[in-house]
Amino acid sequence: MKDFIAISDYSSDEIKDLLEIAIKLKRQFFKKGNKPIFRGKVLGMIFQKPSLRTRVSFDMAMRHCGGDALYLSPSEIGLGKRESIADVARVLSGYVQALMARTFDHAHVVELAKWSDVPVINGLSDYNHPCQGMADALTIVETFGMKSKGLNVSYVGDGNNVAVSLMHVCAQLGWNFTIASPEGYDIEPNAVEIGLKLAKKSKSKLNFLRDPHEAVKKAHVIYTDTWTSMGQEEETAKRELVFPPYQVNAQLVSEAEKDVIVMHCLPAHRNQELTDEVADGPHSVIFRQAHNRLHAQKAILARLFDVV
Ligand code: CP
Ligand code: NVA
């Protein structure tokens, strides 16, 4: 593994291997603390958008394993504006041992990886959010076990970056993925095509629906995300008219399997896409899911640094 840009860049065995490493590192962390496997290494973190979880979990992942992290804000770097992406990548490659980048345009993180001599991790782009996808898979595996083929994962809402990575990780691991999204807010066709290829290999099913009630029937997992992603703020009012039927509330949850878990990558817009009652209710795993970012990312870093 040179970079971590998309879940679909890896084989399903590589994804399972990452999950196994994450489980081991999580156990080790809570037992005696992690070993200093990242000693002498610094992760440069380029952010073009705000972040709580991605920033803090990557920083802590490095520190827990004896390494360090450096936050580079949008105004400092001016990626592609003050300096070309290729030059930023080549300069930083001489200072840090890996890069994490949160960009608007997916092509920008790809460009960074092209020019960087050190591994590049995608910390969310407009296209996907693979680190989130790994933490989501870890959370599902912890709940239902690694051998949970045939599991039904239902995503309700915008066919956005988070939906893309979730669809791809489900298709890699043999879980059925269903999405209910309003017309005009579907997952982009290129991502669907990749997902269908992965699903064919793992013999899982992908379903693309409009009706959230139909989507959650037999669901073991209900997942939702914001109606308006970062960078789409000017569409907020329009989206708030379209998405209310896609709210994950107690009624919708009651239509799924009895032991369904409810997931959200966070930040949540409470009482929009997810009600307080559900977010803080017995089915919700949203905080364990957020904490799993830390453990999943330690596994990604460990593989990229080739220290496990
Ligand atoms: N889920 C997630 O990526 O959160 P942040 O935007 O806070 O990093
Ligand atoms: N889809 C959201 C995810 C935030 C973690 C966004 O891109 O803003």
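First listed ligand is number 1; within each ligand, the first listed atom is number 1.
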Student: Run the side-chain contact (heavy atoms from CB on, under 4.5 Å) test against Glu233 and tell me which residues pass, sequence neighbours left out.
Tutor: Met230, Thr236
Student: Counting heavy atoms only, which part of Leu124 comes closer than 4.0 Å to ligand 1: side chain, backbone, both or neither?
Tutor: neither
Student: Which heavy atom of the protein is the closest neighbour of atom 4 (O) of ligand 1, given with residue, atom name and distance?
Tutor: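 Scanning the protein heavy atoms, the shortest distance from atom 4 (O) of ligand 1 goes to Arg53 NE, 2.8 Å.
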Student: Is it possible for you to check whether Arg55 lies under 6.0 Å from the centre of the six-membered ring of Phe47, through NZ or CZ, and within 45° of that ring's axis?
Tutor: no
Student: Looking at residues at least two apart in the chain, or sitting in another chain, which of them share a side-chain contact (heavy atoms from CB on, under 4.5 Å) with Asp211?
Tutor: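 Applying side-chain contact (heavy atoms from CB on, under 4.5 Å) to Asp211 gives His213, Glu214.
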Student: Got a sec, which residues hit side-chain contact (heavy atoms from CB on, under 4.5 Å) with Thr139, two or more places apart in sequence or on another chain?
Tutor: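 For Thr139 the side-chain contact (heavy atoms from CB on, under 4.5 Å) partners, ignoring immediate neighbours, are Met263, Val285, Arg288, Gln289, Asn292.
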Student: Under a 4.0 Å heavy-atom cut-off, what residues line ligand 2?
Tutor: Leu124, Asn160, Asn161, Val162, Asp225, Thr226, Ser229, Met230, Leu266
Student: Is it the side chain, the backbone, both or neither of Gln132 that has a heavy atom closer than 4.0 Å to ligand 1?
Tutor: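 The answer is the side chain.
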Student: Can you tell if the side chain of Asp225 reaches within under 4.5 Å of the side chain of His264, non-hydrogen atoms only?
Tutor: yes
Student: Ser51 heavy atoms, cut-off 4.0 Å: which ligand 1 atoms fall inside?
Tutor: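 Close to Ser51: 5 (P), 6 (O), 7 (O), 8 (O).
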Student: I need the nearest protein heavy-atom contact for atom 7 (O) of ligand 1: residue, atom name and distance, please.
Tutor: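 The closest heavy atom on the protein side is Leu52 N, 2.6 Å.
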Student: Tell me, which protein residue and heavy-atom name are nearest atom 6 (O) of ligand 1, and how many Å apart are they?
Tutor: Arg102 NH1, 2.8 Å
Student: Test your reading of the structure: does Met230 have an N or O sitting under 3.5 Å from an N or O of ligand 1?
Tutor: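 There is no such contact.
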Student: Where is the nearest protein heavy atom to atom 2 (C) of ligand 1: which residue, which atom, and how far?
Tutor: Arg293 NH1, 3.3 Å
Student: Between Asp280 and Arg270, does at least one N-O distance fall below 4.0 Å, as a salt bridge requires?
Tutor: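 Looking at Asp280 and Arg270, the cut-off is met.
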Student: State whether Lys49 and Asp126 are salt-bridged, where the test is any N-O pair (Lys NZ or Arg NE/NH1/NH2 against Asp/Glu carboxylate O) under 4.0 Å.
Tutor: yes
Student: Charged N to carboxylate O below 4.0 Å: is that the case for Arg90 and Asp117?
Tutor: no
Student: Given the rule in the side-chain contact (heavy atoms from CB on, under 4.5 Å) test, do Asn176 and Leu206 qualify, once you have shown the distances and angles that lead to the verdict?
Tutor: CA-CA 6 Å; Asn176 301 319; Leu206 306 184; over 6 Å; no
Student: Among all the protein's non-hydrogen atoms, which is closest to atom 3 (O) of ligand 1, and how far away is it?
Tutor: His129 NE2, 2.8 Å
Student: Would you kindly confirm whether Phe29 and Leu301 end up in one hydrophobic cluster when ILVMFWY residues are joined by side chain heavy atoms under 4.5 Å apart?
Tutor: no
